[in-house]
Asks: 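So that we are looking at the same thing, I have put the structure below in C-alpha cells.
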Amino acid sequence: MTSTPILHVDMDAFYASVATRDRPDLAEVPVIVGGGSRGVVLSANYLARQYGVHSAMPMTRARRACPTAVVIPPDFDTFARVSSSVLENFRRVTPLVEVVSLDEAFLDVRGSIRRLGAPTTIAEGLRSVIHDEQGITCSVGVAASVSVAKLASRRAKPDGVVVVPPERVTAFLHPLDVGELWGVGEKTQAMLHRLGLITVGDVAHTPLRTLQRAVGHHLGAQLHELAWGTDRRAITPKAGPLEPERSMGADETFAKDTDDREVVVRELLRLSHRVTGRMRTAGVAGRTVTIRIRFADFTTITRSRTLPEATDVTVEIYRAAIRLYDALGLQRARLRLVGVRVEGLVPRASVHRQLVLGEPEHGWADADRAVDRATRRFGTAAVRPASLLRTY
DNA sequence: TCTGGGGTCCTAGGACCC
DNA sequence: TCTGGGGTCCTAGGACCC
C-alpha cells in the first residue's frame, strides 16, 4: 500500500518541445514560441531560458534578451493533438485524470498500484512511453495530495520525478517561498513579503485570523491549509480543459492603439460573432454581457449588463456590447484592447423565449444558423459578420 | 520596447425581498 | 421614532492560473 497516490504530470516546455521535436536543426538553438509584435512568450526551450526568457514575458523583451533565438508562431492544432495522445496514455493508467491544461494533469493512481506497481514506477513508465511516442519529455511530482504533487513536479523539472512522502511534507514545503503556493501571484507575494512572511513556513506559523485579515477570508484559509500540506482535495475527472464553461469570451489587442469609434465598433461585432458562434457550437446561451476596455496606459475597465433572457443571437450580444461601449462616452481615449464576454451560460435547450409581438427576433437566430452553416462549409472567410451591419 | 487570450473565483456595495 | 437581519441578484474590480 502506498501513501503517495497522486501524480502531477507536467510537460517540459511543452509548446517549444512540440514545435521542435521534428526539427533536429533546432535542438541546440534557443527557441521561443510566441505571437506577433505585441504578444508574449508562450513557451521557451531551456536554452532560451538561460538568457532569462520565460513564459508571459513580452516578446519585445524576449527578443532583446535573446536575439539569436528562433521564434516560432504557435500551432494550437498540433499542440492539442499531442496533448490528447498524452491524455490517452494517462487514461490507460487510471480513469481518475484531472486535466489542468494542454500540458498538465493530475492522476490518482490509487487503484492502479496492484496492476502497474508503485506510483514512482507508474510515473517512470508514463515518462518513457510519452518520450517514445511523442518525442517530448515531462516531469512528475508524486505525493499524497494534489498541492504537494504540483510543487514536487516543479522541483522535478526538467525530465525527472520527485516523490514527497507524507513524513517529509513540511520539511519540503516550509523552506519554499510563499510565491510557490497555488493562489499566490505577484501581488499577494509582495504583500506577504511586506508583512515579513517570506517562506511557506512563515505562513504556516501565522495565526489564521491574522492571515485572513491580510489577504481575505478565503485566500487566508486556503494558504494556511496549503502551507501545512493538509489540503485533501480529491481529483475530479474532467473530459478536458473545455468542459462545462461558465462564461465564454473573446478579446483582441489592436495592432495599434485606436480612438476611432468605427474601428472599435467593427471589432466588437467581430468578437460578438466569434463568441456567439462558439456558444452555438457548445449549445449554450447566456444572459450577462460584459465588455472589457483596456486603454493605452494598460488600465482596464469592464462594463456589464444582464439581459432579461439568455441568448446566443449574435446581434443581441452585439447590440448590448455597443450600448455598454457608447454609455462610456469616450472621446479621445486611445484603446489598446476590447473584449466581449457572455456569462451565466445555460444549456440552450433550457431557454424558452418570450416572443414579443411584432419583434421578429427569431429572424436573427435563423440568420445566425445560416451563417454557421456557411462557415462550416466554406470557412470563416466566406461569411463576414460585417454583412450583419447593413441589416442592423 | 513594455505587458496575449482563454478562463475562474473572490470581494464588496447597493438593490430588493421577506 | 432612530439604527433589524439575512439571502440573492447585479455590477465593477482585482487577482490568479495556464
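Given the structure is predicted, the values throughout are model-derived calculations rather than measurements. Each chain gets a letter, A, B and so on, in the order its sequence line appears, and its residues count up from 1.
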Asks: If we count only N and O atoms by modelled type, under 3.5 Å, do the side chains of A:Ser247 and A:Arg341 hold a donor and an acceptor together?
Replies: yes
Asks: One thing to verify: whether A:Arg334 and A:Asp297 come together as a salt bridge, which I'm taking to mean a side-chain N less than 4.0 angstrom from a carboxylate O.
Replies: no
Asks: How are the rings of A:His8 and A:Phe106 set to each other: parallel, tilted or perpendicular (split at 30° and 60°)?
Replies: tilted
Asks: Is any side-chain nitrogen or oxygen of A:Arg278 closer than 4.0 Å to OP1 or OP2 of B:dG7?
Replies: yes
Asks: With a non-hydrogen cut-off below 4.0 angstrom, is A:Met248 in contact with a base, only sugar-phosphate, or nothing?
Replies: sugar-phosphate
Asks: For A:Arg341 and B:dG7, is the shortest distance between a side-chain N/O and OP1 or OP2 below 4.0 Å?
Replies: yes
Asks: Taking the inter-plane angle between the rings of A:His205 and A:Trp228 on a 0 to 90° scale, is it parallel (under 30°), tilted (30 to 60°) or perpendicular (over 60°)?
Replies: perpendicular
Asks: Starting at atom CG of A:Asp10, determine the distance to atom C1' of C:dC18, rounded to an integer number of angstrom.
Replies: 10 Å
Asks: Please list residues of residues 249-261 of chain A whose heavy atoms come under 4.0 Å from any atom in DNA chain B, ordered by number; otherwise none.
Replies: A:Gly249, A:Ala250, A:Asp251, A:Glu252, A:Thr253
Asks: Do we see a donor-acceptor contact under 3.5 Å between the side chains of A:Glu133 and A:Ser85?
Replies: no
Asks: Looking across every strand, which nucleic acid part, if any, lies under 4.0 Å from A:Arg303 by heavy atom: base, sugar-phosphate, or nothing?
Replies: sugar-phosphate
Asks: If I take atom CZ in residue A:Arg294 and atom P in nucleotide B:dC2, what distance separates them, rounded to the nearest angstrom?
Replies: 15 Å
Asks: Please name the pair of heavy atoms, one in A:Glu98 and one in A:Thr236, separated by the smallest distance, quoted to 0.1 Å.
Replies: OE1-N, 2.7 Å
Asks: Do the side-chain N and O atoms of A:Asp260 and A:Thr258 include a donor-acceptor pair separated by under 3.5 angstrom?
Replies: no
Asks: Given B:dG4, B:dT8, B:dC2, which nucleotide is nearest the side-chain atoms of A:Phe298?
Replies: B:dG4
Asks: Tell me, which of residues 190-199 of chain A have any heavy atom that sits under 4.0 Å from an atom in DNA chain B?
Replies: none
Asks: Identify whether the distance between the nearest side-chain nitrogen and carboxylate oxygen of A:Arg348 and A:Asp312 falls below 4.0 Å.
Replies: yes
Asks: Say whether, by atom type as modelled, one donor and one acceptor occur between the side chain of A:Asn45 and the main chain of A:Val29 under 3.5 angstrom.
Replies: yes
Asks: Between A:Gln212 (CD) and B:dC10 (P), how many Å, whole number?
Replies: 14 Å
Asks: Would A:Arg274 and A:Glu252 count as a salt bridge (Lys or Arg N to Asp or Glu O under 4.0 Å) here? Give the steps.
Replies: CA-CA 11 Å; A:Arg274 194 187 301 170; A:Glu252 178 102 347; 3.8 Å; yes
Asks: With respect to the side chain of A:Ser247, which nucleotide from C:dC18, B:dG7, B:dT3 is positioned closest?
Replies: B:dG7
Asks: How many whole angstroms separate atom CG of A:Leu211 from atom C1' of B:dC10?
Replies: 16 Å
Asks: Check the distance between C:dC17's P and A:His54's NE2 and give it to me in whole angstrom.
Replies: 15 Å
Asks: Would you write the dot-bracket representation of DNA chain B, where each base gets (, ), [, ], | or . depending on whether it forms a Watson-Crick or G-U pair under 3.5 Å and with which partner?
Replies: ....||||||||||||||
Asks: Examine A:Ile235 and A:Leu151 and state if one hydrophobic cluster contains both, with Ile, Leu, Val, Met, Phe, Trp and Tyr joined whenever side-chain heavy atoms are less than 4.5 Å apart.
Replies: no
Asks: Distance only, no hydrogens: is a donor on one side chain within 3.5 Å (strictly under) of an acceptor on the other, for A:His273 and A:Asp368?
Replies: no
Asks: How many Å lie between CG on A:Leu271 and P on B:dG7, as a whole number?
Replies: 12 Å
Asks: Does the Lys NZ or Arg CZ of A:Arg49 fall within the cation-pi geometry relative to A:Tyr46 - under 6.0 Å from the ring centre and within 45° of the axis?
Replies: yes
Asks: Please give me every residue in residues 176-188 of chain A whose heavy atoms get under 4.0 Å of an atom in DNA chain C, ordered by residue number.
Replies: A:Leu181, A:Trp182, A:Gly183, A:Val184, A:Gly185, A:Glu186, A:Lys187, A:Thr188
Asks: Measure from the side chain of A:Glu245, starting at C-beta and using heavy atoms only, and say which of B:dG7, C:dC10, B:dT3 lies closest.
Replies: B:dG7
Asks: How many Å lie between CE on A:Met57 and C1' on B:dT1, as a whole number?
Replies: 12 Å
Asks: In residues 74-83 of chain A, which ones come under 4.0 Å of DNA chain B, going by heavy atoms?
Replies: none
Asks: Between A:Arg294 and A:Asp251, does a salt bridge (Lys or Arg N to Asp or Glu O under 4.0 Å) hold up when you go through it step by step?
Replies: CA-CA 10 Å; A:Arg294 174 167 292 151; A:Asp251 46 44; over 6 Å; no
Asks: If I take atom OH in residue A:Tyr15 and atom P in nucleotide B:dG5, what distance separates them, rounded to the nearest angstrom?
Replies: 14 Å
Asks: Is there a donor in the side chain of A:Ser139 and an acceptor in the side chain of A:Ser153, or the other way round, less than 3.5 Å apart?
Replies: no
Asks: Does A:Arg154 come within less than 4.0 Å of A:Glu180, counting only side-chain N to carboxylate O?
Replies: yes
Asks: Using atom C1' in both nucleotides, what's the gap between C:dC16 and B:dG4 to the nearest angstrom?
Replies: 16 Å
Asks: Between A:Thr314 and A:Ser272, does a side chain to side chain donor-acceptor pair (under 3.5 Å) hold up when you go through it step by step?
Replies: CA-CA 6 Å; A:Thr314 302; A:Ser272 301; over 6 Å; no
Asks: Polar-atom pairs under 3.5 Å, protein N or O versus N or O of nucleotides 11-16 of chain B: list them with distances, or write none.
Replies:
{"unit_1": "B:dT11", "atom_1": "OP1", "unit_2": "A:His218", "atom_2": "N", "d": "3.1"}

Asks: Are any of A:Arg336's side-chain N or O atoms less than 4.0 Å away from OP1 or OP2 of B:dT3?
Replies: yes
Asks: Taking A:Thr210 for its side chain and A:Thr206 for its backbone only, find out whether a donor-acceptor pair lies under 3.5 Å.
Replies: no
